[in-house]
Amino acid sequence: MIKVLLVEDSPADAAHIMGLLCEVERETFAVTYEATMADALQRLRAETFDAALVELHLADGPEGAAIAELKAYAPLLPIVLLCTHASRADAVEALARGAHDYVEEGDRTGELLARSILYAIERVHAAEQLSFLARYDALTGLANRTTFRDRLAQALARSDRSQTPGALLLVDLDSFKAINDTQGHDVGDALLKHVGTQLRRFVRPYDVVARLGGDEFAVLLEDVAEARDAGRMAERILEAIAEPFVVGDIEVYSTASLGAVVFPFDGGDPSTLMRNADFAMYRAKRQGGGTAAFYTPSMGVRIHEQLALEHDLHRALAHEELLLHYQPQVDLESGRVVGMEALARWQHPERGLLPPNTFIPAAEKSGLIEAIGEWALRTACRQRREWADAGLDVGRIAVNLSPRQLTGNAFVAVTEKTLAEIDLDPRLLELEITEALFLEHDHATVERLARLRRLGVRISIDDFGTGHSCLSRLTTLPVDGLKIDRSLVSSAYTSQNAAVARAIIALARELDLGVTCEGVEHDGHVAFLRQYGCDVVQGRLLCPPLPADEIERLLAARGTTAVDPEPPPSDGPELLH
Ligand code: C2E
Ligand code: MG
Ligand code: MG
């Protein structure tokens, strides 16, 4: 049933219109009739209507103010004007002042009146929806970024007047993209709605919760007595989001990172506050996700440096400023080169040649390590192929892997594809992984290594003996060799570390694992390692890491004639006599 307010000063016309509307079959209209605008406004104060049918000269009045008055009482009331053929132009003008449609006297049928009323209702509804969408997020119904900024500006002004602090919390889901990609967009949408509901659950009715875009939410808390209150709220929010959430028969696990600022201390305007909250959020993400961080003034400086480094590193990769140096690995018994380790360098345009410890950690934190790792793999394999084509046998090419590269299945596929494209025998590739990778005891990671190994790729554990060694696990891991860390080697022949190095070598032999010792700098190291049965050595004593062309010159100077044999290689150039 549609409730219509009819404002018409001629009782005869009013009766006629009511009669027409009664005839309409597809809708029922309940018409309330008032003869003057003053009475109509009085009525609107007490009752709500779905639409108004208003005689034009009443609605517009001599001053043209009546529509404005009507709209002041009921801003969203759909208005249809009743005009004559002669006053049609005035009716068209009145549309600009807020009426929604008009019906001329001569055309009036029940059907036409009904259609016009329904059309006016529909127009108001559509306009309302548009203005809703301009200010709110359609998926969650929460305020959007524009509204949030407005509300933040108002809250700042209020906090200034009342001298009570407030807080702004930014909440960003940690693995939303992965959930969206693996579980589908319906699950992703459901998760976003769920997070919106959870956030609303914790705040007071007048606090603002917004979705700023993507998987980023914001909470505006006014009148927080002290920063501790905001901290407690942050913890409760993170706990609530971390609870598993069920969609259909799927259980979704997600965590969020939270960055917080307290105003007016951390910024006096919306832009500064949002930026500083972003810095805090960045810090929380860096802590590994699932945590909250409050803004501190020094954060901005450090994060700027970190961001600048990441930005430069992106550019470095795109502009080919990264390169690989190669360090030979030498068989102790034969003195021949049996492998080459590829080590990343950055030819920085201002800072010169940078070692990996200045940029690999930043690449790991930012996720750029995946791209850099793929680049290193491809470049090293290509170099190995070139050497093979030139008839130079340097044994296996060894590439370092970051744990993060093995967190998904992509790397195994990338390795397979790279080897196929470059047409390199997988047995000529060795991947060096760190012990830390096994700490997590992740079955999927171990399976990925096993798959690489089944391809024919050799797997070795780098920096072995630096603290996390879990010797008993060595028997079950899909690895072929150990690289004993240089800290053990350098002090081995003088201290008790000798016992450790000796034990590792003995254990590796027992398990049929190859042993490479890195950081060999003195003849004394070689003598010791030979005595205890180490297979392969690598270090400055033999050769430092060098660019590919220098390696070629060095090996050529040794007068070695090398051919590319079937692996495992055994007659590479000699470096040790
Ligand atoms: P790592 O894999 O243990 O590499 C051996 C490191 O020992 C290299 O340092 C090498 O230059 C250095 N070294 C070689 N001979 C000697 C020696 O006689 N004495 C001493 N004290 N050191 C020697 P570099 O090149 O600075 O690399 C450091 C680390 O950076 C590497 O340690 C590796 O973990 C990482 N890294 C290098 N390239 C890559 C890469 O492409 N990807 C990843 N994820 N990590 C890489
Ligand atoms: Mg290594
Ligand atoms: Mg190492």
Is there a donor-acceptor pair closer than 3.5 Å between any side-chain N or O of [X] and the backbone N or O of [Y]?
| X | Y | answer |
| --- | --- | --- |
| Glu370 | Gly367 | no |
| Asn144 | Ala134 | yes |
| Arg448 | Gly408 | yes |
| Arg404 | Glu364 | yes |
| Arg211 | Gly214 | yes |
| Thr48 | Leu44 | no |
| Asp50 | Lys3 | yes |
| Thr272 | Gly268 | no |
| Glu320 | Leu317 | no |
| Asn276 | Asp266 | yes |

Between [atom1] on residue [X] and [atom2] on residue [Y], distance to nearest 0.5 Å:
| X | Y | atom1 | atom2 | value |
| --- | --- | --- | --- | --- |
| Asp480 | Leu511 | CG | CG | 12.5 Å |
| Ile433 | Ser402 | CD1 | OG | 11.5 Å |
| Phe294 | Thr296 | CZ | OG1 | 12.0 Å |
| Leu324 | Leu546 | CG | CG | 13.0 Å |
| Phe411 | Thr418 | CZ | OG1 | 8.0 Å |
| Leu431 | Ile397 | CG | CD1 | 11.5 Å |

Practice problem: Evaluate side chain to side chain contact (heavy atoms under 4.5 Å, CB included) for Gln198 paired with Ile237, printing each intermediate quantity in order. | Solution: CA-CA 8 Å; Gln198 292 286 63; Ile237 286 175; over 6 Å; no

Quiz item: So with a 6.0 Å cut-off around CZ of Arg345, is the heavy-atom count from everything else above 12?
Solution: yes

Quiz item: Counting heavy atoms not belonging to Lys71, are there more than 12 under 6.0 Å from its NZ?
Solution: yes

Quiz item: Does any donor atom in the side chain of Ser460 or Glu430 lie under 3.5 Å from an acceptor atom in the other side chain?
Solution: yes

Quiz item: Is there a donor-acceptor contact under 3.5 Å linking the side chains of Asp462 and Thr434?
Solution: no

Using the test side chain to side chain donor-acceptor pair (under 3.5 Å), find all partners of [X] that sit at least two apart in sequence or belong to another chain.
| X | result |
| --- | --- |
| Thr407 | none |
| Arg158 | Glu222 |
| Ser257 | Asp174 |

Quiz item: Can you name the residues that form a side chain to side chain contact (heavy atoms under 4.5 Å, CB included) with Leu118, not counting sequence neighbours?
Solution: Ile2, Arg26, Glu27

Quiz item: Yes or no on side chain to side chain contact (heavy atoms under 4.5 Å, CB included) for Phe217 and Leu169, after CA distance, side-chain angles and deciding distance?
Solution: CA-CA 8 Å; Phe217 295 83; Leu169 314 179; over 6 Å; no

Is any NZ, NE, NH1 or NH2 atom of the basic residue among [X] and [Y] found under 4.0 Å from an Asp or Glu carboxylate oxygen of the other?
| X | Y | value |
| --- | --- | --- |
| Arg540 | Glu521 | yes |
| Arg275 | Asp278 | no |
| Arg315 | Glu310 | no |
| Arg135 | Asp150 | yes |
| Arg451 | Glu447 | no |

I need the minimum non-hydrogen distance between [X] and [Y], along with the two atoms involved.
| X | Y | result |
| --- | --- | --- |
| Pro545 | Leu343 | CG-CD1, 3.8 Å |
| Pro361 | Pro356 | CD-O, 3.7 Å |
| Pro349 | Glu321 | CD-OE1, 3.4 Å |
| His100 | Tyr119 | O-CE2, 3.8 Å |
| Gly267 | Leu156 | O-CD2, 4.2 Å |
| Phe265 | Pro165 | CE1-CB, 3.8 Å |

Just so I know, are the side chains of [X] and [Y] near enough to count as touching, which here means a heavy-atom distance under 4.5 Å?
| X | Y | result |
| --- | --- | --- |
| Trp346 | Leu313 | yes |
| Val246 | Val252 | no |
| Ile422 | Arg378 | yes |
| Leu488 | Ile504 | yes |
| Lys483 | Gln538 | yes |
| Leu322 | Ile372 | yes |
| Glu518 | Ile484 | no |
| Leu212 | Met274 | yes |

Quiz item: Cation over ring, Arg286 on Tyr282, under 6.0 Å and within 45°?
Solution: yes

Quiz item: Taking only residues at least two apart or on different chains, which pairs with a member in residues 181-191 satisfy side-chain hydrogen bond (donor to acceptor under 3.5 Å, both in side chains)?
Solution: Lys177-Asp181

Self-check item: side-chain hydrogen bond (donor to acceptor under 3.5 Å, both in side chains): pairs with one or both residues in residues 347-360, sequence neighbours excluded
Solution: none

Practice problem: Starting from the C-alpha separation in whole Å, work towards a yes-or-no answer on side chain to side chain contact (heavy atoms under 4.5 Å, CB included) for Lys417 and Val414. | Solution: CA-CA 5 Å; Lys417 191 162 156 266; Val414 166; 5.7 Å; no

Exercise. Begin from the C-alpha positions of Lys285 and Met281 and carry the test side chain to side chain contact (heavy atoms under 4.5 Å, CB included) through to its verdict.
Key: CA-CA 6 Å; Lys285 287 268 176 203; Met281 156 70 71; 4.1 Å; yes

